[in-house]
> 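I'd like to ask you about the structure that follows.
Residue indices begin at 1 and follow the sequence shown.
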Amino acid sequence: MMKKATLTLSDGSRFEGWAFGAEHETAGEVVFNTAMTGYPESLTDPSYAGQILVMTYPLVGNYGVPPTDLAPNGLPVFLESERIHVKALVVADYSSAYSHWNAAESLAAWLKRENIPAITGIDTRRLTMRLREQGVMMGSIEMEGGVERTPLVQQDYDTVNWVERVSCREVIRYNEGAGVRVVLVDCGVKANIVRCLVNRGFEVVRVPWDYDFNQLDFDGLFLANGPGDPERCGKTVEHVRAFLAGERVRPCMGICLGNQLLARAAGAMTYKLKYGHRSHNQPVRQVGTTRCFITSQNHGYAVDDTTLPSDWEPMFVNMNDDSNEGIRHRSKPWFSAQFHPEASSGPVDTEFLFDEFAKLFG
């Protein structure tokens, strides 16, 4: 029998439902994702660290969860990292019956095994409207009959360095000896970014977020996605700034948080969006053209491209709110995208950006 559970927002709004994951209290920043599919990939995306994820598509769990096996190179075969990163999951209608050729277990079983709370029976339409009107806010989940009541976390989500919590702790190498060596700064990288680089013949050297990669011998730089406020990544920005100022000009590409870190290293500012972009259907346009793409996104911060130095320019723009979706240097081989061209899960319209990055090496 399901236990009653309640989601309470920091503005006092309450949403009652039923627990179907781990049965313990938790708190985090409440955000919503409008994708229709891809919950296994979203739950294992490190960019969701510290957040309670609300799925706006009503039916969740109907195709179960794939195996959590690791490939010989250490990357998960079907997921985006080795574990679930969200603080909790909120859905309208959880399907305990699942059917898919690749399903290994139910969503509820996986959540319980990883000790992640989840609620079903929530009016996610009303909840999402609240978040769109008021902006993302802190929230807590409480279980019926809990011995202790955990108060809403008073510490703001933005004050925590979530990147530090999800980044690797040591240098990891993939595809050693392949040829072109790319340093990947792990701010919370998704596994499919590494796969996309390896599949294009790169040797990938994955380093922690605060690692001084300038001491290494490498041919190009890749700045990965990750959670939280880019202002918390001052050490990363310092290292990227030193790379940009170096005598040897080498290619650089960034994704998501990587876009923001590259912009800050160039001298631009970033800001927090009201409720962020989290979906598979964000339309972006390549600046200076009529080329439009449907993109997968997961970010709560954006680059203020009006603060870019004169030798940098916007590369993509969001067609819904005109926020920045990528930048590039006017003469040097440096560019980034705010969206996710590796698209796992999501549309693969922009995976060609990895090919563009590869071309920069001649």
> Name the residue from K274, Q282, H277 that meets the side chain to side chain donor-acceptor pair (under 3.5 Å) definition with D321.
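Of K274, Q282, H277, side chain to side chain donor-acceptor pair (under 3.5 Å) with D321 is met by H277 alone.
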> Any side-chain donor paired with an acceptor under 3.5 Å for Y211 and D186?
no
> Would you find more than 12 non-hydrogen atoms of other residues, nucleotides or ligands less than 6.0 Å from M269 atom CE?
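No, CE of M269 has 12 or fewer neighbouring heavy atoms, counting only those of other groups under 6.0 Å.
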> Any Lys/Arg nitrogen of R173 or E203 sitting under 4.0 Å from an Asp/Glu carboxylate oxygen of the other?
yes
> Is the terminal nitrogen or CZ of R126 (NZ for Lys, CZ for Arg) located under 6.0 angstrom from the six-membered ring centre of F32 and within 45° of that ring's axis?
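Verdict for F32: no cation-pi partner in R126.
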> Given side-chain hydrogen bond (donor to acceptor under 3.5 Å, both in side chains), test R264 with T270 step by step and report yes or no.
CA-CA 7 Å; R264 293 188 69 87; T270 54; 2.8 Å; yes
> Can E80 and R195 be counted as an ion pair, charged N to O under 4.0 angstrom?
yes
> Could you tell me if the side chain of N281 sits less than 4.5 Å from the side chain of T295, heavy atoms only?
no
> Might you work through the side chain to side chain contact (heavy atoms under 4.5 Å, CB included) test for L127 and L7, ending with a clear yes or no?
CA-CA 10 Å; L127 174 55; L7 168 67; 3.7 Å; yes
> Which atoms form the tightest heavy-atom contact between V198 and N175, and what is the distance?
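Looking at all heavy atoms of both residues, the closest pair is O-ND2, 3.7 Å.
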> Looking at M2, I'd like to know if its CE atom is crowded, meaning that more than 12 non-hydrogen atoms belonging to other residues, nucleotides or ligands lie closer than 6.0 Å.
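Above 12, so yes.
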> Evaluate the criterion salt bridge (Lys or Arg N to Asp or Glu O under 4.0 Å) for residue pair R232 and D158; output intermediate values, then yes/no.
CA-CA 9 Å; R232 299 288 159 191; D158 302 335; over 6 Å; no
> Check whether the ring centres of Y63 and Y39 lie less than 6.0 Å apart, and answer yes or no.
yes
> Is the shortest heavy-atom distance from the side chain of F213 to the side chain of V240 under 4.5 Å?
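Yes, side chains in contact.
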> Does any donor atom in the side chain of D304 or N324 lie under 3.5 Å from an acceptor atom in the other side chain?
no
> May I ask you to decide whether K235 forms a salt bridge with D212, counting only side-chain N to carboxylate O separations under 4.0 Å?
no
> Go through the steps to decide whether K190 and E342 satisfy the test salt bridge (Lys or Arg N to Asp or Glu O under 4.0 Å), and finish with yes or no.
CA-CA 9 Å; K190 293 171 63 182; E342 83 287 352; 3.0 Å; yes
> State yes or no: are the ring centers of W162 and Y157 separated by less than 6.0 Å?
yes
> So do the side chains of M143 and H24 get within less than 4.5 Å of each other, counting heavy atoms only?
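The answer is no; the side chains never approach within 4.5 Å.
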> Have a look at K3 and tell me which of E23, E25, E144 forms a salt bridge (Lys or Arg N to Asp or Glu O under 4.0 Å) with it.
E23
> Do the side chains of R328 and E313 get close enough for a salt bridge, i.e. N-O under 4.0 angstrom?
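Looking at R328 and E313, the cut-off is met.
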> If you measure from the Lys or Arg side-chain nitrogens to the Asp or Glu carboxylate oxygens, is any gap between R181 and D219 under 4.0 Å?
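Looking at R181 and D219, the cut-off is not met.
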> Apply side-chain hydrogen bond (donor to acceptor under 3.5 Å, both in side chains) to the pair N33 and Y57, showing each step before the final yes or no.
CA-CA 8 Å; N33 184 314; Y57 188 70; over 6 Å; no
> More than 12 heavy atoms of other residues, nucleotides or ligands under 6.0 Å from CZ of R113: yes or no?
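Result for CZ/R113: enclosed.
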> Hey, are H280 and S345 close enough side-chain-wise for a donor-acceptor pair under 3.5 Å?
yes
> In sequence, state the C-alpha distance, the side-chain angles, and the governing distance for T6 and I141, and then conclude on side chain to side chain contact (heavy atoms under 4.5 Å, CB included).
CA-CA 6 Å; T6 303; I141 290 178; over 6 Å; no
> Are any non-hydrogen side-chain atoms of R169 and P208 less than 4.5 angstrom apart?
no
> Is it true that the side chains of E325 and N318 contain a donor and an acceptor less than 3.5 Å apart?
yes
> Can you confirm whether or not the ring centre of F352 sits under 6.0 Å from the ring centre of F293?
yes
> Using a distance-only test with no angle check, is there a side-chain donor-acceptor pair under 3.5 angstrom linking S140 and E142?
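Present: a donor and an acceptor within the cut-off.
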> If you look at every heavy atom in A337 and L353, which pair is closest and at what distance?
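Closest heavy-atom pair between A337 and L353: CB-CD1, 4.0 Å.
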> Just checking K272: does its NZ atom have more than 12 heavy atoms from other residues, nucleotides or ligands closer to it than 6.0 angstrom?
yes
> Does some side-chain heavy atom of N225 sit less than 4.5 Å from a side-chain heavy atom of D45?
yes
> Any salt bridge between E238 and R241, counting N to O under 4.0 Å?
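No salt bridge links E238 with R241.
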> Looking at side-chain heavy atoms only, is the closest gap between D11 and M137 below 4.5 Å?
yes
> Only one of V237, V163, L257, N259 forms a side chain to side chain contact (heavy atoms under 4.5 Å, CB included) with P230, so which one is it?
L257
> If I compare all heavy atoms of S336 with all of L262, which pair ends up nearest, and what's the gap?
OG-CD2, 3.7 Å
> Check the pair D355, R200 against salt bridge (Lys or Arg N to Asp or Glu O under 4.0 Å), reporting the backbone distance first and the verdict last.
CA-CA 8 Å; D355 299 322; R200 285 162 176 80; 2.8 Å; yes
> Give a yes or no on whether the backbone of L9 and the side-chain of S13 come within a donor-acceptor separation of less than 3.5 Å.
no
> Any luck finding a side-chain donor-acceptor pair between T290 and R285 under 3.5 Å?
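Checked: T290/R285 side chains show no N/O donor-acceptor pair below 3.5 Å.
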> Any idea how F354 and F222 line up, ring-wise: parallel (<30°), tilted (30 to 60°), or perpendicular (>60°)?
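Plane angle under 30°, so parallel.
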> Taking the six-membered ring for Trp, are Y271 and Y301 closer than 6.0 Å centroid to centroid?
no
